[in-house]
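Report on one structure; see the data block that follows.
In the text below, chain A, chain B and the rest are named by the order of the sequence lines, each starting its count at 1.
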There are 2 protein chains.
Amino acid sequence: MFKFRHPVPIGSAFASRVEIKAAGLNRHLMAGIDYDKDAPAKSIVISGGYKDDVDEGDRIIYTGQGGQSAPGSGIQVKDQELIKGNKSLVESYLTQTPVMVIRGARGNKNFSPIEGYRYDGIYLVTNHWFDQSISGPLVVRFELIRIPDERTVGSFESESKYFVGNPLGIAPRGNLNPNRGLFGIYAGVKRDPAVPAWIKKVYKDRCQICGTTIRTPSSTYSEGSHIQPLGKPHNGPDTTSNMLCLCPNCHVMFDEGSYYLKKDIVTAVNLIENVETELEIHNQHQISEEVVAHHRLHVAGVIS
Amino acid sequence: MFKFRHPVPIGSAFASRVEIKAAGLNRHLMAGIDYDKDAPAKSIVISGGYKDDVDEGDRIIYTGQGGQSAPGSGIQVKDQELIKGNKSLVESYLTQTPVMVIRGARGNKNFSPIEGYRYDGIYLVTNHWFDQSISGPLVVRFELIRIPDERTVGSFESESKYFVGNPLGIAPRGNLNPNRGLFGIYAGVKRDPAVPAWIKKVYKDRCQICGTTIRTPSSTYSEGSHIQPLGKPHNGPDTTSNMLCLCPNCHVMFDEGSYYLKKDIVTAVNLIENVETELEIHNQHQISEEVVAHHRLHVAGVIS
């Protein structure tokens, strides 16, 4: 299971951005958002730079970067765009990857350190939108909600592409018998976020059935679809050999049995249109015959 | 909000199927599943007819109908299919429409009445799959989970096409200011199930942007997509004038701002491909200019 490793204990204090950098929390000395190209944001620093930022402690409204007359001027002369740090925070939202938050003394007095900076743990980006600034051009805003610290140990669920090593790495082992339980009135299963993360990365968000890649303004999008479902009565394994990279449309149809895979694994049959298509399978992706047979019989209702 | 009206109080007793029929619970005298064509199941009777049925009180595994050598023989000579009553229970699953459950004396002793029949309230179909019977042919199985009675008053959330009058009916009023709150760490909004139900019915599950209709073995599928999002900071109304009928792929892209609608409302612009398409709009479906303008500015980031 995913376990977030805090680089320093939550609550750690720092005198300056130089110390924050040295601690591995944020590599910049001015900019708030630290990120790698095409990856979710690593951390943000909130230090009162944007007067429209809102800090309620457990909930933050954070303004994106770019478009000001000069850094920190507060005067927008150009629209902010979903590029660079802003793109990375959208990616954090889409992949539900936690972001580390560092607060500086110039922020909201109720939640900020008296002096210097403090590491305040991890937050989820739960929303993003555009607003028009007073000067006219657009700014991007992000809502972040604190992940309580106890949830960061062992039980945090997230489907990030970025929990796996770079650039592609070997397939994560996953879990042959994931933890199943009843949550509320629905059955649920603890999933390993590294499994869909690896699959989506291997296929670059391209649907293995129809070839579609969903494009969003800042990124691409796909879903990791279990072949033998995880829940009862199927009890499928949570492994890459039991997963396809699908677009949302093919995901609905595959789960409802509109498609099944033949014994050769590579042939996808659309039961409704009676059409066969060839599945795109990456040479590092092994699909299990057993889970394909289970899906064919128990989901699609095909005896063969 | 949806409020389920029980035809008789939960726990009501009946001496025979004739009495059950008279009470409006189930119109058959033998068959278990009562349904109307192309609609979710209305009710099921569990009375020990299928030895593979499982009754745990709050959870039921129910075997579908058809394919037996004679009704009640227990010998499968043909595959069960997703037609008739079985199709109606899949529709209950896809639309999350509650099903009334009546238990007869011949079922599991722990949960069945000593004699006659008893109305046991409503259940959700939470899963369906195929199994191979001992005789060989396939049977369909359904998992049903009890909806606690307190959830049936005022707060039950469901996206059924069938809560609205037949055949199409006037658009439901919805809610200009739906109830918003924090549930866990996520913000949530109480939605009126009649709103997406009406939209999906009007468009017959056909995507207004790309024209796709997702086809499943027993039915069709689409999603009701709010134009101005319901949650904070957007606070959109939960009304049909703020909703589009979209396929899951276009839903993801519309929510992420890959598409926006021009002032004429009918022109959908794909910002990434820079392509315009004409939205299919039914003559009974009024879309609000205001919500379209909100989505264009705050979701797609387009000032115009």
- Message: If you compare all heavy atoms of Gly257(A) against all heavy atoms of Pro217(B), which two are closest, and at what distance to 0.1 Å?
- Response: O-CG, 3.4 Å

- Glu81(A) versus chain B, the contacting section by heavy-atom distance below 4.5 Å: neither

- Query: Quick one: CG on Leu94(A) to CD on Glu256(B), what's the gap to the nearest 0.5 Å?
  - Reply: 4.5 Å

- Message: Counting only non-hydrogen atoms closer than 4.5 Å, does Asp79(A) touch chain B with its backbone (N, CA, C, O), its side chain (CB onward), both, or neither?
- Response: side chain

- Message: Testing the basics here: between Pro248(B) and Pro248(A), what is the closest heavy-atom pair and its distance to 0.1 Å?
- Response: CB-CB, 3.6 Å

- Task: Pick whichever of Asp131(A), Leu82(A), Ile61(A) has the most heavy-atom pairs under 4.5 Å with chain B.
- Result: Asp131(A)

- Task: Identify which part of Val299(A) has an atom lying under 4.5 Å from any heavy atom of chain B, answering side chain, backbone, both or neither.
- Result: backbone

- Note on the structure: Ranking Gly136(B), Ser218(B), Pro233(B), Pro137(B) by heavy-atom pairs under 4.5 Å to chain A gives rank one to Pro233(B)

- Item | Heavy-atom pairs under 4.5 Å with chain A, option from Ile272(B), Asn249(B), Ile214(B), Leu138(B) with the top count | Asn249(B)

- Message: So for atom CD1, which belongs to Ile303(B), do other residues, nucleotides or ligands contribute more than 12 heavy atoms lying within a distance under 6.0 Å?
- Response: yes

- Query: At a heavy-atom separation under 4.5 Å, does Val302(A) approach chain B through its side chain, its backbone, both, or neither?
  - Reply: backbone

- Starting at OG1 of Thr216(A), measure out to CG of Asp255(B) and round the result to the nearest 0.5 Å. 11.5 Å

- Query: Does CD in Glu56(A) sit with more than 12 non-hydrogen atoms of other residues, nucleotides or ligands closer than 6.0 Å?
  - Reply: yes

- chain B: which of Leu297(A), Asn270(A), Asp58(A) shares the most heavy-atom pairs with it under 4.5 Å? Leu297(A)

- Message: So for Tyr93(A), is it side chain, backbone, both, or neither that comes closer than 4.5 Å to the heavy atoms of chain B?
- Response: side chain

- Note on the structure: From the list Arg215(A), His128(A), Met253(A), the residue making the most non-hydrogen contacts under 4.5 Å with chain B is Arg215(A)

- Residue from Asn127(A), Val90(A), Leu271(A), Thr212(A) scoring the most non-hydrogen pairs under 4.5 Å with chain B is Asn127(A)

